[in-house]
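Worksheet: the structure to be examined is printed underneath.
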Amino acid sequence: MNGVHDMGGMHGMGPVKHEKDEPVFHAPWEGRTFALTLAAGAWGKWNIDAGRHEIELIPPAQYLRMSYYERWYVRLVELLAKRELVSREELETGHAKPGVPKASPRLTAGQVPALLSAGALASRRIAESPRFQPGQRVRARNIHPAGHTRLPRYARGKQGTIDRHRGGFVFPDTNAHFLGEKPQHVYSVRFAARELWGDQASPRDAVYIDMWDDYLEPA
Amino acid sequence: MNGVHDMGGMHGMGPVKHEKDEPVFHAPWEGRTFALTLAAGAWGKWNIDAGRHEIELIPPAQYLRMSYYERWYVRLVELLAKRELVSREELETGHAKPGVPKASPRLTAGQVPALLSAGALASRRIAESPRFQPGQRVRARNIHPAGHTRLPRYARGKQGTIDRHRGGFVFPDTNAHFLGEKPQHVYSVRFAARELWGDQASPRDAVYIDMWDDYLEPA
Amino acid sequence: MPPAEHHDHAHQDVPSDLALRVKALESLLVEKGLVDPAALDALIDTYENKVGPRNGARVVARAWAEPAYKARLLADGTSAIAEFGFSGRQGEHMVVVENTARVHNLIVCTLCSCYPWPVLGLPPVWYKSAAYRSRAVVDPRGVLREFGLEIGEDVEVRVWDSTAELRYLVLPERPAGTDHLSEEDLAALVTRDAMVGVAKVEYPKPGETA
Amino acid sequence: MPPAEHHDHAHQDVPSDLALRVKALESLLVEKGLVDPAALDALIDTYENKVGPRNGARVVARAWAEPAYKARLLADGTSAIAEFGFSGRQGEHMVVVENTARVHNLIVCTLCSCYPWPVLGLPPVWYKSAAYRSRAVVDPRGVLREFGLEIGEDVEVRVWDSTAELRYLVLPERPAGTDHLSEEDLAALVTRDAMVGVAKVEYPKPGETA
């Protein structure tokens, strides 16, 4: 979706503010929100793409006002309800509906190291060979899907060069909507800064974006 | 500037909400803000492009949160201060600094009808003939100025056809910054919806945008 | 626990003291001699009571009634509209676009909320909304559907993004069965929404019987 | 009259009851058997105390100290980094990009805030900010200048927008005069900011004398 989250190239967001000796979390609720999200995610009721999309669905004015972990909180509540781990009624009352058995087995502290060090591989084996070769000119497609996509708006319609093949990966545009993994080749594509931004950019600079096959067409 | 005000093509802004029998102003302060803006504008200390740009300078999260006339209020305060009709100190205290003579002559009620029916012509005579002719293919330039522009982001880099010549007009990109009127030809350009939005758009539809000469290059 | 906040996104959180701040600003500007409260009253009165979509409706009705006027209107909107005395602020450079059986026109301003004040008055909230400004150019048929207007696939939708100093008025299609109506009766049928392109003119008017 | 509000745009207006709401949500999820508070503690402890930029600094120092390791790191970041036992969540597919006298690399995620957790920990606020995400791709040199880094016109700036599942780590240039330092001493010089590409590694460290 062409959401406000897709902010590459926007002006007006102010200066970048660097905080010296920044803590990992600025308040205990941030850490709890982070941990709740990972622990609830361990039930496997959603995937990373669905999680990203849920944040994109926060209305733009609120998205921009909210801090990072406030967005995580909103996302967690929505995912719990939509994926039916918790009902809207339970979220409203703050208590489990009587008579519903406790979920099991939940993630334990002992399982945390293994969970984190395993991660979740998004790579997939793909039988067909890659459609594009390094050095080949390509164009990012001019698409404007209403759903989730990882093709940033500033690159659409722009020409670049295949830098290298990255391997096969789960396709976010379908996976985010639980419509299957549709794995496909991903390429690192080099876009000259001037192709993206015109003459104001340095003739030397470039932006590299990892692009799924479906995002590309021959130039 | 690539601001959040440039919202053609964005998703996530919700449904269009139509209000039946809508009043012109929803509260007295809206009408006063509207009228104050026009009356203060009659001093000629800013132009329409500077006024539009001042609204674009509202930070994105606040821009999206604010109602239309709240933006007008913020703009008016900023313009009054920047163009030195009122000092920041006076805006702070709410009172005129003692010893400063009253401004004169202010707009009177009797002058209102003439002010409104005259308007402010943005058209200008231009000696040179238009660079482009109806039917000619053109491309909107891929520019990303940090300042004011009226070339919407969704059209940049896209090809269209000159529909007709509109005449010569003041150039907003300079006028907004009090850098001169730089008048130039304006053309109505027809962009096929599919050129702008890809295959999801109707093959029949089109968007027409009035473009200043500086926004265009031959395709 | 309250549900996540982000569902009530229609709500615009206007600071409660905004009315007071506007009042304070007015009193400062009056004190400095910069504005005259009577001029403010006159400005408000103009757009609350004198200038509005009834102006545009008269233009449309005449174009329907008089082919010669319609030709002048489509050739030079500004001067044809000025025949009624409608002119000036935010209508200095008028363009009239005609709806037909093959073409449907829709007006928007994606960058702010440009609108032809002398013929339509000040724009309604929906026209100024982020929802309309964002979607009218990318999904005009979807937007029109929300307004209850289904545009056939054989009809071309033209969206006019009024980002320059040209201001647009849609000349709607004259409804069938109105041959016997006077220009004044015709004008009574014409709505603001039809002149922006989000509605058609209906006859008999919705809710009436023929 | 208060000045116009829109100058304090750094302020993010966090609802005062958010801490309470998170607490209530945790107690509901515990009540339902969905989460174990001890697991939450372990997750927080991991990123507050165990996983952070010191990991990445060790990787960088070794690449500086051992040419063979550097070659492995640039050829296959994921497995070379795994030699230290750093792997997993948000570092499953690692790419290391090398700064040289001719190329300066900068990492961003314009769509959210993707960041290589196993080597750098959780991202700082500035990396997640709208300001950084919006500007890093269109004005990288301006952003770097705000960080105090002036990149010469003869140097190519490469911005890596990590919008897919690849995660990036910048291998900074080894500062001059560090030949005598041990791998451990080298690691102590390497900052998080240098591994994102918004700083260079300095020797002696800023504030120290050689």
Side-chain angles (χ1 to χ4, degrees), chain B residues 5-10 13-19 22 24 27 29 31-33 35-36 38-40 52 55 64-65 67-68 70 73 85-86 90 94-96 102-104 106-109 112 116-123 150 152 154 166 169 186 197 202 204-210, chain C residues 9-10 12-14 18-19 22 24-26 28-29 31-36 38-44 46-48 87-93 110-113 121-122 124-126 128-135 137-138 140-141 143 146-147 156-161 163-166:
Chain B
H5 71 281
D6 183 358
M7 50 178 68
M10 282 196 68
M13 297 297 189
V16 178
K17 289 187 182 156
H18 190 274
E19 179 183 349
E22 181 176 337
V24 172
W29 72 264
R32 297 318 272 185
T33 300
L36 282 167
L38 268 62
R52 290 197 185 112
I55 282 189
L64 290 175
R65 179 193 58 72
S67 72
Y68 181 74
E70 190 177 355
Y73 167 77
L85 279 177
V86 180
E90 289 172 323
H95 287 287
K102 271 199 165 195
S104 174
R106 63 185 178 181
L107 178 75
T108 63
V112 162
L116 295 177
S117 74
L121 288 181
S123 55
R150 297 292 282 183
Y154 71 85
R166 293 290 192 205
F169 285 87
V186 168
W197 312 112
S202 159
R204 208 177 278 281
D205 297 350
V207 178
Y208 287 73
I209 311 176
D210 293 310
Chain C
H9 62 271
Q12 282 196 304
D13 179 26
V14 175
L18 196 50
V22 171
L25 181 62
E26 177 176 336
L28 171 62
L29 297 187
E31 186 183 332
K32 285 183 67 71
L34 289 167
V35 304
D36 174 355
L40 304 180
D41 295 340
L43 284 160
I44 293 167
T46 302
Y47 292 101
E48 279 194 328
S87 69
R89 170 87 56 151
Q90 286 303 303
E92 293 93 342
H93 311 285
T110 59
L111 297 180
C112 43
S113 304
L122 299 182
V125 167
W126 65 259
K128 300 179 287 190
S129 70
Y132 183 73
R133 288 167 50 195
S134 60
R135 292 177 53 209
V137 284
V138 63
R141 289 169 186 266
V143 168
E146 280 173 33
F147 276 93
E156 173 187 338
V157 174
R158 290 184 185 169
V159 181
W160 301 82
D161 191 357
T163 54
E165 295 306 333
L166 292 303

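These numbers were taken from a predicted model, which means no experiment stands behind them. Numbers restart at 1 for each chain; the letters A, B, ... are given by sequence-line order, proteins then strands.
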Which residues pass the side chain to side chain donor-acceptor pair (under 3.5 Å) test with B:W197, sequence neighbours left out?
none

For B:R52, all residues meeting side chain to side chain donor-acceptor pair (under 3.5 Å), sequence neighbours excluded
C:E165

Heavy-atom pairs under 4.5 Å with chain B are the metric here; pick the option from [options] that has the most.
options	answer
C:V159, C:V143, C:T110	C:V159
C:A164, C:S134, C:P140, C:G121	C:S134
C:A39, C:P124, C:A38	C:A39

Shortest non-hydrogen pair, B:A118 vs C:E92, comes out as O-CG, 4.5 Å

Heavy-atom closest contact (C:W126 atom, B:K17 atom, distance):
CB-O, 3.3 Å

Side chain / backbone / both / neither for [X] at chain B, heavy atoms under 4.5 Å:
X	value
C:L111	both
C:L122	side chain
C:T163	both

Determine whether [X] and [Y] make a side-chain contact, defined as any pair of heavy atoms from C-beta on separated by less than 4.5 Å.
X	Y	result
B:R32	C:D41	yes
B:M13	C:R135	no
B:L116	C:Y47	yes
B:Y154	C:V137	yes
C:L166	B:F169	yes
B:Y73	C:V22	yes
C:E146	B:P15	yes

Please determine whether side-chain contact (heavy atoms from CB on, under 4.5 Å) holds for the pair C:R89 and B:L38, giving the CA-CA distance in whole Å, both sets of side-chain angles, and the decisive distance to 0.1 Å.
CA-CA 10 Å; C:R89 170 87 56 151; B:L38 268 62; 3.7 Å; yes

Let me know if [X] has heavy atoms under 4.5 Å from chain C in its side chain, its backbone, both or neither.
X	value
B:R166	side chain
B:A39	both
B:V86	both
B:S202	side chain
B:V24	side chain

Taking the side chain from [X] and the backbone from [Y], do they hold a donor-acceptor pair closer than 3.5 Å?
X	Y	answer
C:S87	B:S117	yes
C:E31	B:H95	no
B:R106	C:V35	yes
B:E22	C:V125	yes
B:D205	C:V157	yes
B:H18	C:F147	no

Point-to-point distance, once rounded to the nearest 0.5 Å, from [atom1] of [X] to [atom2] of [Y]:
X	Y	atom1	atom2	result
C:D161	B:D210	CG	CG	9.0 Å
B:T33	C:L25	OG1	CG	8.0 Å
C:L34	B:L107	CG	CG	11.5 Å
C:S113	B:H5	OG	NE2	11.5 Å

Top residue by heavy-atom pair count (under 4.5 Å) with chain C, among B:S104, B:G119, B:P152?
B:G119

Tell me which of these, B:A40, B:A35, B:A122, has more heavy-atom pairs under 4.5 Å with chain C than the rest.
B:A35

Less than 4.0 Å between a side-chain N and a carboxylate O, is that true for C:R133 and B:D6?
no

So, C:E156 and B:R204, do they make that salt bridge, N to O below 4.0 Å?
no

